[in-house]
4 protein chains.
Amino acid sequence: MKNNDTNEHRVRQRRKEARPAELIAAALDLFVERGFAATKLVDVAARAGVSKGTLYLYFADKEVLFLEVIKQGLMPVVVEGEAMLGPHSGDSASLLRGLILRWWTLVNGTKLGGIPKLIISEAGNFPEVAQYFVENITRRVDALLGKVLQSGIEKGEFRKVDIASVIELVGAPILMRSIWECSMATSCRGGKADSERYIHTHIDLLLKGLSAGD
Amino acid sequence: MKNNDTNEHRVRQRRKEARPAELIAAALDLFVERGFAATKLVDVAARAGVSKGTLYLYFADKEVLFLEVIKQGLMPVVVEGEAMLGPHSGDSASLLRGLILRWWTLVNGTKLGGIPKLIISEAGNFPEVAQYFVENITRRVDALLGKVLQSGIEKGEFRKVDIASVIELVGAPILMRSIWECSMATSCRGGKADSERYIHTHIDLLLKGLSAGD
Amino acid sequence: MKNNDTNEHRVRQRRKEARPAELIAAALDLFVERGFAATKLVDVAARAGVSKGTLYLYFADKEVLFLEVIKQGLMPVVVEGEAMLGPHSGDSASLLRGLILRWWTLVNGTKLGGIPKLIISEAGNFPEVAQYFVENITRRVDALLGKVLQSGIEKGEFRKVDIASVIELVGAPILMRSIWECSMATSCRGGKADSERYIHTHIDLLLKGLSAGD
Amino acid sequence: MKNNDTNEHRVRQRRKEARPAELIAAALDLFVERGFAATKLVDVAARAGVSKGTLYLYFADKEVLFLEVIKQGLMPVVVEGEAMLGPHSGDSASLLRGLILRWWTLVNGTKLGGIPKLIISEAGNFPEVAQYFVENITRRVDALLGKVLQSGIEKGEFRKVDIASVIELVGAPILMRSIWECSMATSCRGGKADSERYIHTHIDLLLKGLSAGD
DNA sequence: CATGAATGAGCTTTCATTCAT
DNA sequence: AATGAATGAAAGCTCATTCAT
């Protein structure tokens with residue numbers, strides 16, 4: 001009995017602690033699918049398996065929920081970004097390939113592409129969010145890629161290219177794909193190149209395009 | 001007096017005929033900036049210099065306006081797309097370069113990137129729109145690029161690559177840029193590579209990556 | 001036809017101009033009857049013969065409406081207050097009697113007593129309102145009465161009394177009655193002294209109480 | 001341990017028995033300060049140092065709590081009223097003075113004025129409450145005062161005045177003050193006559209006004 | 001044709017109330 | 001007994017849409 005009580009208490013406690021994450025997950029799904037304004041909080045709550053009112057026990061209002069969705073959604077990217085910065089060895093080409101593949105693994109097939117989509121869609125209404133994204137994610141990834149490219153050029157592995165441009169060119173195909181994927185989740189999805197082939201073609205073309213040797 | 005009346009009538013007539021286009025332009029701006037749901041029709045009307053009621057003389061409701069915005073916004077792309085399909089000569093590389101540059105000229109610095117942004121943002125709520133876009137724009141551009149790549153490979157100019165992937169890789173940087181630009185219109189815009197350098201680096205890297213010769 | 005048009009337009013115009021006042025009147029009634037928080041805006045709108053939405057064409061939100069009700073409700077009092085300050089002659093007693101009777105005429109049987117009731121009820125939630133009332137109404141009336149009492153004392157007509165106290169004592173019975181009347185509007189109303197007798201007994205007692213001669 | 005338990009039990013018991021009163025006190029404060037509708041039960045519970053749920057162990061719902069607040073708040077007045085009715089001697093003037101002073105002592109500086117304020121504010125929504133108040137308090141006090149005045153007149157001490165009116169005139173300044181004081185608790189409080197002077201001026205004026213001799 | 005006052009469905013948010021722990 | 005997480009009815013407010021002028 002006592003045991004049971006404790007168990008049940010634990011269950012409740014666990015739910016209470018899990019709720020915010022569950023709600024955020026539900027909200028992410030719907031915000032990405034329908035956009036911020038078109039998402040009804042009742043639906044978010046329902047998808048998380050709770051009632052409207054419960055949502056307000058954890059988030060002050062819709063905007064706070066949105067911000068939290070972004071923040072929580074960005075966290076794994078930041079964490080992984082830190083990891084990418086870790087020790088690496090070998091030539092710049094393998095380094096670059098490694099980074100791209102890690103990034104790809106992170107977003108491909110996951111809902112993570114939803115975050116950029118969300119930010120792009122709502123940047124007009126939430127400039128702070130866009131700003132935060134740029135300053136914390138974009139800039140860091142850019143710096144990382146910039147370093148790799150720079151050293152590749154210095155070592156004579158890569159041609160002398162405009163680094164700023166290449167940084168964008170490395171990321172664009174990855175972002176574009178994941179954004180597209182998220183947008184088309186419900187509707188037409190066909191006609192696109194196979195995921196594996198896609199990323200490897202990207203890397204292949206990129207490295208060949210960058211290579212100094214010919 | 002009569003004369004004046006006629007003049008006014010003419011002006012009115014002109015305005016009257018221009019109205020739909022003006023309203024669509026205003027709507028495009030706002031839809032792109034704020035999203036479909038967050039855009040108020042009063043604001044659209046105001047931006048077009050007319051009253052709320054007038055809008056309804058030309059568009060049955062908000063959704064029709066949205067569809068019209070997409071349709072009209074896509075038109076130039078389709079037209080230009082047709083032009084791209086016209087007679088072309090020379091090697092596949094120059095052909096590809098030409099196509100990319102034409103595309104770039106079309107979107108760079110214009111509000112045209114707003115259309116893809118809009119479609120991406122609203123695809124979840126308007127699957128027909130997304131479908132229409134894919135079937136009429138994406139597919140056609142893809143077919144065109146596919147032909148060029150195919151012939152380039154056949155002529156031995158390009159390496160044997162996965163054409164479907166490369167098609168996407170050609171477009172992603174162009175789309176990504178224009179979408180991003182539109183999103184950040186109001187907020188932070190800095191930190192990006194110079195536009196001219198960007199597109200030429202893209203072409204440069206791409207062609208080098210594709211080139212069979214080494 | 002044209003004539004008709006103009007007429008109808010006039011009617012519309014007239015309504016548009018009358019609306020705020022109508023809404024304020026309806027709101028005053030209900031705020032006084034039920035209190036601010038317990039009054040539903042739908043009911044206010046309904047009582048004014050319009051729909052919920054219309055209310056928002058004229059007042060930004062419930063609080064603004066409340067403030068406007070107070071402001072408009074106080075205006076006649078202020079105006080009448082100014083009038084009271086006008087030229088007056090005769091002995092202090094008749095002067096005081098005149099002022100009390102004018103004040104009484106203003107509030108007795110009208111909804112004007114609702115304003116003090118409202119302010120008393122909501123002072124806790126709208127301190128600015130209470131402050132405004134004190135500073136603009138109470139203080140002015142107090143000053144006026146103070147002057148009359150002062151001069152009455154100086155002329156030897158009135159006994160030497162504590163003026164500040166008497167000022168309150170002059171007003172309390174008037175305020176109390178009108179507040180009570182408003183509160184009991186719907187429920188029990190019986191058992192109270194006749195209105196005419198009441199005010200004259202007040203004046204009678206007061207003047208006799210003040211009079212220096214005996 | 002056991003001992004401790006017993007102690008805790010006793011404390012608990014004491015608290016348990018005090019709970020309703022504590023909750024009522026907390027509720028009175030808040031109802032007076034903010035009004036019935038604008039008072040949240042969580043806040044009442046919090047002010048009483050218990051949780052929301054506990055409140056429901058003692059009161060069926062918000063309205064019951066309100067009624068209880070009124071009932072409990074009225075009790076001291078009733079009790080004191082009874083006391084006032086007790087044996088009294090001397091002339092009518094001292095009798096009246098005594099009653100007024102006792103009443104004043106009861107309400108001046110205490111939160112007791114809150115009850116009338118509450119009743120006035122909520123009479124529209126709780127006619128039964130108003131009715132109860134009138135029938136049990138007002139009527140009794142009125143009867144008491146009436147008797148004193150009547151006998152004063154009969155004994156030739158007081159002039160022949162309209163008793164019903166005078167009854168109200170005796171109470172109005174006392175009620176008005178205590179109500180005002182409660183309303184302004186949080187906001188502006190200045191500008192009022194000194195409490196002692198106020199009540200004595202009231203008595204002074206009243207008795208002089210009533211006195212038959214001149 | 002153009003206007004903008006009016007409407008009311010729909011969404012966000014609050015809070016009295018319940019009930020598992 | 002006491003708690004506070006959960007609920008959902010209800011109220012404030014917005015805005016697409018209508019229609020008299």
Side-chain angles (χ1 to χ4, degrees), chain A residues 2 4-13 15-16 19 37-45 49-63 65, chain B residues 9 12-13 15-16 19 37-45 49-63 65, chain C residues 2 4-13 15-16 19 37-45 49-63 65, chain D residues 9 12-13 15-16 19 37-45 49-63 65:
Chain A
K2 199 78 190 186
N4 197 4
D5 264 24
T6 313
N7 265 343
E8 278 165 6
H9 184 263
R10 242 186 247 141
V11 167
R12 217 187 209 222
Q13 204 58 29
R15 300 241 56 187
K16 193 198 157 185
R19 279 283 140 79
T39 298
K40 289 175 262 182
L41 288 192
V42 218
D43 292 343
V44 172
V50 297
S51 80
K52 201 167 24 100
T54 301
L55 219 161
Y56 285 89
L57 294 176
Y58 299 98
F59 304 96
D61 60 21
K62 201 183 180 184
E63 194 165 328
L65 175 62
Chain B
H9 184 263
R12 253 206 180 194
Q13 203 59 29
R15 299 236 50 187
K16 185 187 140 189
R19 280 284 147 76
T39 297
K40 291 177 249 182
L41 289 192
V42 218
D43 291 346
V44 172
V50 297
S51 80
K52 210 174 3 133
T54 303
L55 212 159
Y56 282 87
L57 295 174
Y58 300 98
F59 306 95
D61 61 22
K62 199 184 182 186
E63 195 165 328
L65 174 63
Chain C
K2 201 77 191 183
N4 198 3
D5 264 23
T6 313
N7 265 345
E8 278 165 6
H9 183 263
R10 243 186 246 142
V11 168
R12 218 187 207 223
Q13 205 57 29
R15 299 243 56 189
K16 193 198 156 182
R19 279 283 140 78
T39 298
K40 289 176 260 182
L41 289 192
V42 218
D43 292 345
V44 172
V50 297
S51 79
K52 198 170 23 105
T54 301
L55 219 160
Y56 285 90
L57 293 177
Y58 299 97
F59 305 96
D61 60 23
K62 200 183 181 186
E63 195 165 328
L65 175 62
Chain D
H9 185 261
R12 251 206 180 195
Q13 203 58 28
R15 300 237 49 189
K16 185 188 144 189
R19 281 283 146 76
T39 298
K40 291 178 249 178
L41 289 193
V42 218
D43 291 345
V44 172
V50 297
S51 80
K52 210 173 4 136
T54 302
L55 211 159
Y56 282 87
L57 295 175
Y58 299 99
F59 305 95
D61 60 22
K62 200 183 180 185
E63 196 165 327
L65 174 63

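- Distance CZ/B:F59 to CG/B:L41: 10.5 Å, rounded to 0.5 Å.
- Between D:T39 and B:S51, the one whose closest nucleotide on DNA chain E sits nearer the 5' end is B:S51.
- In this structure, C:Y58 reaches the E:dA6 phosphate: one of its side-chain N or O atoms is under 4.0 Å from OP1 or OP2.
- We find that CD of C:E63 is positioned 13 Å from P of F:dG12, with the value rounded to whole Å.
- Atom OG of D:S51 is separated from atom CG of D:L57 by 8.0 Å, given to the nearest 0.5 angstrom.
- Dashed line: the shortest gap from a side-chain N or O of D:T54 to OP1 or OP2 of F:dT3 is under 4.0 Å.
- Comparing D:G53 and A:G53 against DNA chain F, the residue whose closest nucleotide sits nearer the 5' end is D:G53.
- The side chain of C:Y56 sits closest to F:dG12 out of E:dG10, E:dA5, F:dG12.
- Between C:L65 atom CG and F:dA11 atom C1' the separation is 15 Å, expressed in whole Å.
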Convert the base pairs of DNA chain F into dot-bracket notation, remembering that pairs crossing earlier ones are written with [ ] and that bases paired across to another strand are shown as |; include only Watson-Crick or G-U pairs under 3.5 Å.
.||||||||||||||||||||
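- One atom, CG of C:L55, and another, C1' of E:dA6, lie 12 Å apart when rounded to the nearest Å.
- When side chains are defined from C-beta on, B:L55 counts as touching B:L65, because their heavy atoms get closer than 4.5 Å.
- The CG atom of A:D43 sits 13 Å away from the P atom of E:dG10 (whole-angstrom rounding).
- Atom CG of residue C:D61 and atom OH of residue C:Y56 lie 7.0 Å apart, to the nearest 0.5 angstrom.
- In the interface, the side chain of D:K52 is paired with the base of E:dT17 through a donor and an acceptor atom under 3.5 Å apart.
- Among the atoms of the strands shown, only primed sugar atoms or phosphate atoms (P, OP1, OP2) are found under 4.0 Å from some heavy atom of A:K40.
- Using modelled atom types, one side-chain atom of A:K62 and one backbone atom of A:T39 make a donor-acceptor pair closer than 3.5 Å.
- Here the shortest heavy-atom pairing between A:A37 and B:A37 reads CB-CB, 3.5 Å.
- Of the candidates F:dT7, F:dA10, E:dA5, E:dA5 carries the atom nearest the C:R19 side chain, counting heavy atoms from C-beta on.
- Minimum atom distance to the side chain of B:D61 is reached by F:dT17, of the listed E:dT7, F:dA1, F:dT17.
- Side-chain proximity of A:L57 to E:dA6, F:dA2, F:dT7: nearest is F:dT7.
- For C:L41, whose side chain is taken as the heavy atoms from C-beta onward, the closest listed nucleotide among E:dT17, F:dG12, F:dA16 is F:dG12.
- No hydrogens or angles were tested; on distance alone, nothing pairs the side chain of A:K62 with the base of E:dT13 as donor and acceptor under 3.5 Å.
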